[in-house]
Amino acid sequence: MAAESKTSNQGINFNCTICLEQIVKPKCLPCSHTFCEECLNVYITRASIGKKKDKFQFKCPVCRRVTGCPEQGIPIEKWAKNFPANSLLNSLNILMGEKPNDNMCAACIRDKKQVKAESWCHDCQESICALCKELHKKFVSLQKHKISPMTALQDQDDKLRFLVVDEPCSSHAGKCLEVFCLDHGKMCCSICFATQHRHCKCVEALDHIAKKLPGSNVDWNIHILSEIAKITKETIEYKELLIKESNTAKETIIASVSTEIENLKSRLDECQQQFEKTFLRSHEEKEEKQKQSVLDLKRYLTTVKNGETLLSAVQQKGSAKQKFLAVVNIIAEVEEQFEQFKATHSDDEEIHYEHDHTTILKQVCEKNKINDVTEVVRPSGTIWKLSTHLPSFRVLEHVEQKKEISTLFKKGMDALSLKAEKTSEFFIYGSAHQGIFVDSQTVVTACSSPPSLKIFNHDGTELSCDFPIKLNGKPSFFAGSTKNVFYVGCLSSVYKLNIVTREENAINLACVAEMKVKEDFDVFYIDEEQNRIIIASNKKITVFNLSPFFEVQTAMIPNLKTGSLHSLCLKQDRFAAVSGHKVVCFSLSGQKLFQCQIPNAGTIRCLTFDPLNNVYFASTYSKCSHLGKNDCRNCGNNILNPSVYSLYCPNCGCDPRSCNYHKSSTNTKCFRCNSDNCLKKIYKAVYQIISDGSNVRLFIPDCSTDSFLFFNEHSEHLVLSDGKTYAEFKAEQHRPPKR
């Protein structure tokens, strides 16, 4: 704020979200947002221009909540002065910035006197001298104020104590927050509790529940705020660079156009003037929008930094209750301002200019005008990047690490030693075509008719849920590494969904961010470590690098013929697809890694990867009706463990991929009945392709469903489904006996 000098060597570094400088005389609105008294006064005065004074109300500069006169009969120019001071901030400034012995009486300072303070009034939230203390005893309205000597702010070790500050209720004047409702995650005063939460089952006093706040959570939330601030600061710098580059491009284009037109006569001059007028008008609109986005990001950064600063201070000096209050309030404020930015700038995009200024004369001669500047629009990824750490905030839950991949899939493991054992099966409602594990107990499935999502417990119980997104096409999934976070792709958009709350038979989801990639895709992959989104169809692979700057890389896939979503699967560094009776694997640059022709297999229906990039697919194969389930198709002897030996026979060593008996198109007679009309039995099965394409084997020799399958990388489970029946197999390591 320009009106007063701001010192940075005292108190905590808490900035005003209006002037973006260190706060002076902090005043708090009913919505709990704090501003400089002078900044708030200027803001209110400007907002009141042209408004009726008796009905005037203004909106909070941060949350847009409508606020009226703090006390009846006060002129507008004194509203800011009569709003309550931020008691917590004042207390922290006194506690961390100044020594009690150096404080002056606040009342005397307003009377332009310098009198040393000897006491602290908890109700006035000010330091007072001996004379003002006596006045408190004389006036009836001040007699009940709690007054403590300044020496009470020091303990036996001469260390400053934290002043006890009750958090006021933003909905009921004069009431303080006393309890916390765990059912709704909200703090309440006595009136809030009586009117809105009397039926809630889990309500506890703030003093009691604050003791449950894990100390590590405060450090963790400080770290999260720091990461958000870092990303926001990088985004601001990048957007400011974009504005600068946009202005540079504007000047370059105008200068180039002007140079070509100088040699033309009045007709060219008229075209030039019209071109500049149109271009500048369009540019100014977009520049203003970008500047507003940067300003809102700066305010968001200020809120995040203020939260980080305040939480750090409370962590050092605050009580358990104050730490809990600070954590809840700061998280709510950061999330609220993020949601506001997301709503205001939901269509935030990068715009780059292109213009061919070398054919201006031809343009004027043919069209009597100069062609307009082409605007190349790309998704900015701003909201997606800002949402990276938001789901990681913690209040009462212990800080957890990211979901770890099962130790079964460790590097160097022999993929051929894996086997699968069926563990469960149940029916699901609807016609699903894809699924993921959100955690070890929750499965989300996607249905195509109509496009919808369904959530089930591990036992098949369907959970009710109101999905926050509208699906206009067939959805696809990706399970993130962060707990309770998963991603949904539909048409040309990718959504980040977060499980907010869980109940016995219901689940509550929130859409944290949406990324519009501007092109339709079939499958996608979220690389959370490198902050990029990978999408693929049967024609190309596109990689969107979001950090530090937005970059798009595209690779075309030639001659790939595939028919459905189930025929494609995507990994961090590779892409697999079905082409006819072949499985083809590509790198993200479009280079073919391997191609497998599956012998004796029918139509390949679906694909998936495991954590070691081994490919699994569902298909069918036929066997002579005279053969048992585990009989060799060459010699008829029983194979002890077909899931280990696949189609190899330990007795005759037959390999269907190379055996002439199976490869010959003329030899169709059954080896037992020597008949051409021997009935064939069709089996549904799951095959495994080793990650380098060097080996193919039968992984699950007989299964009842084969429409889609997916791996749970964290619990070693493979799910196979036909859209209505859900069958689960557990993968485990097995060493076959020597043959």
Side-chain angles (χ1 to χ4, degrees), residues 220-221 223-242 293-294 297 300-301 304 308 334-335 338 341-342 345-346 348-350 352 377-393 399-405 436 476-489 492-498 510-519 521 523-536 541-555 570-575 587-589 609 611 613 713-714:
W220 175 255
N221 289 324
H223 168 69
I224 294 298
L225 289 169
S226 177
E227 291 297 319
I228 295 176
K230 179 182 177 182
I231 292 176
T232 307
K233 185 177 179 181
E234 290 177 352
T235 305
I236 290 172
E237 292 174 352
Y238 178 50
K239 282 190 171 289
E240 289 177 336
L241 179 61
L242 281 179
S293 176
V294 170
L297 281 171
Y300 180 65
L301 176 61
V304 173
E308 180 184 2
V334 171
E335 292 178 342
F338 170 78
F341 179 87
K342 184 171 69 171
H345 304 282
S346 59
D348 188 43
E349 297 173 326
E350 293 180 6
H352 300 266
V377 181
R378 300 189 311 189
S380 67
T382 298
I383 295 176
W384 189 276
K385 287 188 287 186
L386 293 178
S387 70
T388 302
H389 296 285
L390 283 178
S392 301
F393 278 125
V399 176
E400 298 181 2
Q401 300 295 326
K402 292 185 177 180
K403 294 185 288 188
E404 296 292 335
I405 293 177
I436 56 167
S476 57
F477 284 134
F478 177 78
S481 61
T482 304
K483 183 180 179 182
N484 294 333
V485 174
F486 66 100
Y487 303 86
V488 178
S492 61
S493 294
V494 178
Y495 304 89
K496 178 190 290 186
L497 301 185
N498 180 36
C511 181
V512 181
E514 176 186 1
M515 182 68 178
K516 297 179 180 179
V517 296
K518 299 295 183 181
E519 59 181 272
F521 57 89
V523 291
F524 71 99
Y525 183 90
I526 307 297
D527 189 349
E528 296 174 326
E529 293 184 359
Q530 299 187 31
N531 199 9
R532 58 181 185 163
I533 299 175
I534 308 169
I535 64 173
I541 304 171
T542 305
V543 180
F544 296 89
N545 295 299
L546 303 179
S547 182
F549 303 124
F550 191 92
E551 183 183 6
V552 181
Q553 299 174 343
T554 301
L570 193 61
K571 196 69 173 172
Q572 185 176 11
D573 60 350
R574 59 186 60 201
F575 168 68
S587 67
L588 295 187
S589 62
F609 282 106
N613 293 331
E713 300 179 346
H714 313 287

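The figures here come from the full heavy-atom set of this structure, side chains too, leaving out hydrogens, waters and symmetry mates.
Minimum heavy-atom separation, Leu386 to Phe338: CB-CE1, 3.7 Å. Here the closest heavy-atom approach between residue Met515 and residue Gly381 is recorded as SD-CA, 3.8 Å. Smallest separation of non-hydrogen atoms from Gly489 and Phe521: CA-CZ, 3.9 Å.
Using a 4.5 Å heavy-atom threshold, the side chains of Thr235 and Leu301 count as separate. Using a 4.5 Å heavy-atom threshold, the side chains of Thr542 and Val517 count as separate. Contact annotation: the side chain of Tyr238 never approaches that of Thr382 to less than 4.5 Å [non-hydrogen atoms, C-beta and beyond]. Residues Leu242 and His352 have side chains in contact (heavy-atom distance under 4.5 Å, counting atoms from C-beta outward).
Partners of Glu335 according to the salt bridge (charged side-chain N to carboxylate O under 4.0 Å, His left out) rule, which considers only residues two or more places apart in sequence or in another chain, do not exist here. In this structure Lys516 satisfies the salt bridge (charged side-chain N to carboxylate O under 4.0 Å, His left out) test with no other residue, sequence neighbours excluded. For Phe341, the ring pair (Phe, Tyr, Trp, His ring centres under 6.0 Å) test picks out His345, with sequence neighbours left out. Under the side-chain contact (heavy atoms from CB on, under 4.5 Å) criterion, Ser589 pairs with Ser587, Gln591, sequence neighbours left out. With sequence neighbours excluded, no residue forms a salt bridge (charged side-chain N to carboxylate O under 4.0 Å, His left out) with Glu227. Applying the salt bridge (charged side-chain N to carboxylate O under 4.0 Å, His left out) criterion to Arg532, with sequence neighbours excluded, gives Asp527.
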Open item on the list: Pair Val494, Ile526 - check side chain to side chain contact (heavy atoms under 4.5 Å, CB included), show working.
Closed with: CA-CA 10 Å; Val494 178; Ile526 307 297; 4.1 Å; yes
Open item on the list: Does Phe524 form a side chain to side chain contact (heavy atoms under 4.5 Å, CB included) with Ile534? I'd like the steps, not just the answer.
Closed with: CA-CA 5 Å; Phe524 71 99; Ile534 308 169; over 6 Å; no
Open item on the list: Does Tyr300 form a side chain to side chain contact (heavy atoms under 4.5 Å, CB included) with Ile228? I'd like the steps, not just the answer.
Closed with: CA-CA 10 Å; Tyr300 180 65; Ile228 295 176; 3.6 Å; yes
TODO: Give the C-alpha distance, both sets of side-chain angles, the deciding distance and a yes or no for side chain to side chain contact (heavy atoms under 4.5 Å, CB included) between Leu588 and Leu570.
DONE: CA-CA 9 Å; Leu588 295 187; Leu570 193 61; 4.3 Å; yes
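Taken to the nearest 0.5 Å, the OH atom of Tyr495 stands 13.0 Å off from the CZ atom of Phe486. One distance of note links CZ of Phe544 with CD of Gln553; it measures 11.0 Å at 0.5 Å rounding. Leu297 CG to Ile231 CD1: the interatomic distance, rounded to the nearest 0.5 Å, is 12.0 Å. Atom NZ in Lys342 sits 9.0 Å away from atom CD in Glu514 (nearest 0.5 Å). From Tyr525, atom OH reaches atom CD1 of Ile541 across 14.0 Å, with rounding to the nearest 0.5 Å. If you take NZ on Lys230 and OG1 on Thr388, they are separated by 12.0 Å, rounding to the nearest 0.5 Å.
Classification of the Tyr487-Phe478 ring pair by plane angle, with boundaries at 30° and 60°, yields tilted. Taking the six-membered ring where tryptophan is involved, the planes of His223 and Trp220 are tilted, since the angle between them lies from 30° to 60°.
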